[in-house]
Amino acid sequence: MLLDRFDMTGKVGVVTGAGRGIGAGCARALAEAGADVAINARTPEQLEAVAADIRRLGHRALVVPGDVSDLATLEQLVGATLDEYGRLDVVVNNAGGSMPAPLLDTSVRQFEQAFRFNVTTAFALSLAAVPHMLAGDGGAIVNISSAMGRLRDRGYVAYGTAKAALAHMTRLMAADCAPRVRVNAIAVGSVATSALEVVLTDESLRSEMVGKTPMRRLGEVDDIALGALYLASDASSFVTGKVFEIDGGIEASNLDLGLPDLQ
């Protein structure tokens with residue numbers, strides 16, 4: 001049966017930024033398909049709620065709190081996963097983000113922090129995980145990038161640059177890791193999460209985003225989680241080095257921050 005290719009029974013996944021939003025959705029999707037999951041984020045209470053959902057689905061959940069920007073956390077995450085489950089098959093590098101800001105209000109330090117949070121952390125966790133995937137049955141890495149990594153608009157120089165780097169790192173790592181470890185990414189569009197709500201300060205902004213999106217809605221967490229499940233599972237066994245655009249069809253930024261010309 002073709003649907004059997006999505007079955008993750010016996011597999012173990014690691015998901016960062018899994019306390020809420022897209023990360024939590026990806027963790028639940030892996031568990032629903034049969035995987036045991038190790039989840040990481042900075043807020044233990046949020047992780048425990050996601051872990052409870054995973055256990056209700058009949059699978060094991062390991063909570064490993066910590067800030068991925070501290071790269072020692074990533075080594076600990078891999079170590080704890082191996083200690084608990086004895087294997088590692090899937091990594092979803094979801095942790096990331098950066099608030100938009102005008103160019104001249106973006107310091108070099110903020111720029112470098114955005115790169116570390118979105119790119120270096122994904123590289124470090126993948127580097128720690130790949131040898132253990134190779135020691136087993138191989139594996140899959142899914143990087144959560146952004147449509148802003150290929151689009152342009154004012155205010156996104158740090159975030160967009162970091163996500164563009166993450167997307168190309170995906171392609172380069174896929175060449176290094178083939179054929180036993182597949183590496184793909186999802187370029188996420190505007191998804192209705194608490195992170196987006198920080199930007200959508202009034203209903204007119206939401207209406208603008210919806211109106212500029214060909215599918216005439218914001219994305220849902222499950223839209224991304226389903227893509228991540230496909231890329232993590234054997235359903236995508238002939239796919240590597242690709243950046244899947246799950247963004248409602250946008251070909252231009254769908255949110256104008258209203259930043260003025262530089263004077």
### Message
Do Leu77 and Val50 land in one hydrophobic cluster if side-chain heavy atoms of ILVMFWY residues count as linked below 4.5 Å?
### Response
no

### Task
Give a yes-or-no answer on whether the side chains of Asn94 and Thr16 include a donor-acceptor pair shorter than 3.5 Å.
no

### Query
Can you list the steps and then say if Arg171 with Val243 is a side chain to side chain contact (heavy atoms under 4.5 Å, CB included)?
CA-CA 8 Å; Arg171 301 180 186 100; Val243 180; 3.7 Å; yes

### Message
Let me check something: do Leu3 and Leu57 share a hydrophobic cluster, defined by ILVMFWY side-chain heavy atoms less than 4.5 Å apart, either directly or through other members?
### Response
no

### Task
Taking only Lys NZ, Arg NE, NH1 and NH2, and the carboxylate oxygens of Asp or Glu, determine whether Asp36 and Arg87 approach each other closer than 4.0 Å.
no

### Query
Does any non-hydrogen side-chain atom of Leu134 lie less than 4.5 Å from one of Val181?
yes

### Query
How long is the gap from CZ on Arg20 to CD on Gln46, to the nearest 0.5 Å?
5.5 Å

### Message
Please give me the minimum heavy-atom distance between Leu257 and Gly155, naming the atom from each residue.
### Response
CD1-CA, 4.3 Å

### Message
With no hydrogens and no angle check, just 3.5 Å: does a side-chain donor-acceptor pair link Asp7 and Thr9?
### Response
yes

### Message
Quick check on the hydrophobic clustering: are Val191 and Tyr230 connected, directly or via other members, by side-chain heavy-atom contacts under 4.5 Å?
### Response
yes

### Task
Report the distance from atom OG of Ser146 to atom OH of Tyr159, rounding to the nearest 0.5 Å.
3.5 Å

### Stepwise side chain to side chain contact (heavy atoms under 4.5 Å, CB included) check, Val37 with Leu62
CA-CA 6 Å; Val37 191; Leu62 175 65; over 6 Å; no

### Task
Please round to the nearest 0.5 Å and tell me the distance separating atom CZ of Arg206 and atom CG of Leu255.
11.5 Å

### Message
Tell me whether Arg150 is salt-bridged to Glu251, with the criterion being a basic N under 4.0 Å from an acidic carboxylate O.
### Response
yes

### Query
Is any side-chain N of the basic residue among Asp261 and Arg154 closer than 4.0 Å to the acidic one's carboxylate O?
yes

### Query
Between Val183 and Val188, is there a shared hydrophobic cluster once you connect ILVMFWY residues whose side-chain heavy atoms come closer than 4.5 Å?
no

### Query
Has the side chain of Glu75 got a donor or acceptor atom that lies under 3.5 Å from a matching backbone atom of Ala72?
no

### Query
Going by heavy atoms in the side chains, are Ile54 and Arg60 under 4.5 Å from each other?
no

### Query
Distance-only, no hydrogens or angles: does the Thr120 side chain make a donor-acceptor pair with backbone N or O of Phe117 under 3.5 Å?
no

### Message
I'd like to know if Glu208 and Lys212 make a salt bridge, using a cut-off of under 4.0 Å between side-chain N and carboxylate O.
### Response
yes

### Task
Check whether any side-chain heavy atom of Val14 lies under 4.5 Å from a side-chain heavy atom of Val92, and answer yes or no.
no

### Message
Within the 3.5 Å criterion, strictly below it, is a donor on Thr73 or Asn40 matched to an acceptor on the partner's side chain?
### Response
no

### Query
Judged by atom type as modelled, is there a donor-acceptor pair below 3.5 Å linking the side chain of Thr43 to the main-chain atoms of Glu45?
no

### Task
Nearest 0.5 Å please: distance from the CD atom of Glu220 over to the CG atom of Leu226.
11.5 Å

### Query
Ala80 and Val64: which non-hydrogen atoms are nearest, and at how many Å?
CB-CG2, 4.1 Å

#### Entry: Side-chain donor/acceptor of Asp223 to backbone N/O of Gly219, under 3.5 Å
no

### Task
May I ask you to test the Asp67-Ser69 pair for a side-chain heavy-atom distance under 4.5 Å?
yes

### Query
Is the shortest heavy-atom distance from the side chain of Tyr156 to the side chain of Leu151 under 4.5 Å?
no

### Task
For side-chain hydrogen bond (donor to acceptor under 3.5 Å, both in side chains), just list the numbers for Ser126 and Asn93, CA-CA rounded to whole Å, side-chain angles, deciding distance to a tenth of an Å, and then say yes or no.
CA-CA 8 Å; Ser126 300; Asn93 285 307; 3.2 Å; yes

## Note on the structure
Between Ala33 and Leu229, the two heavy atoms sitting closest are CB-CD1, 3.6 Å

### Message
Checking the side chain of Lys163 only, and the main-chain atoms of Ile144 only, is there a donor and an acceptor separated by less than 3.5 Å?
### Response
yes

### Query
Is Met215 linked to Ile250 within one hydrophobic cluster, defined over Ile, Leu, Val, Met, Phe, Trp and Tyr using a side-chain heavy-atom separation of less than 4.5 Å?
no

### Task
For Asn118 and Ser98, run side-chain hydrogen bond (donor to acceptor under 3.5 Å, both in side chains): C-alpha distance rounded to whole Å, both residues' side-chain angles, the deciding distance at 0.1 Å, then the answer.
CA-CA 8 Å; Asn118 291 277; Ser98 180; 5.6 Å; no

### Task
With rounding to the nearest 0.5 Å, note down the distance linking CZ in Arg56 to CG in Asp53.
4.5 Å

### Message
Could you check whether Arg5 pairs with Asp234 (Lys NZ or Arg NE/NH1/NH2 to Asp/Glu carboxylate O, under 4.0 Å)?
### Response
no

### Message
With heavy-atom distances below 4.5 Å as the criterion, would you say the side chains of Val63 and Pro65 are in contact?
### Response
yes

### Query
Considering only heavy atoms from C-beta outward, does the side chain of Phe123 approach that of Leu166 to under 4.5 Å?
no

### Query
How far apart are the closest heavy atoms of Gly139 and Met133, and which atoms are they?
CA-SD, 4.0 Å

### Message
Using every non-hydrogen atom in the two residues, find where Arg217 and Val210 come nearest and quote the distance to one decimal.
### Response
N-CG1, 3.9 Å

### Query
Does the side chain to side chain contact (heavy atoms under 4.5 Å, CB included) test come out yes or no for Leu74 and Val68, once each step is laid out?
CA-CA 6 Å; Leu74 302 175; Val68 296; 3.7 Å; yes

### Task
Work out which heavy atom in Ala124 is nearest to a heavy atom in Leu71; give both atom names and the distance.
CB-CD2, 4.2 Å

### Message
Within this structure, what is the OG-CD1 distance for the pair Ser145 and Ile246, rounded to the nearest 0.5 Å?
### Response
12.0 Å

### Task
Using modelled atom types only, decide if a donor and an acceptor are shared between the side chain of Asn184 and the backbone of Leu231 within a distance under 3.5 Å.
no

#### Entry: Stepwise side chain to side chain contact (heavy atoms under 4.5 Å, CB included) test for Arg182 and Ile141
CA-CA 6 Å; Arg182 298 180 298 103; Ile141 296 170; over 6 Å; no

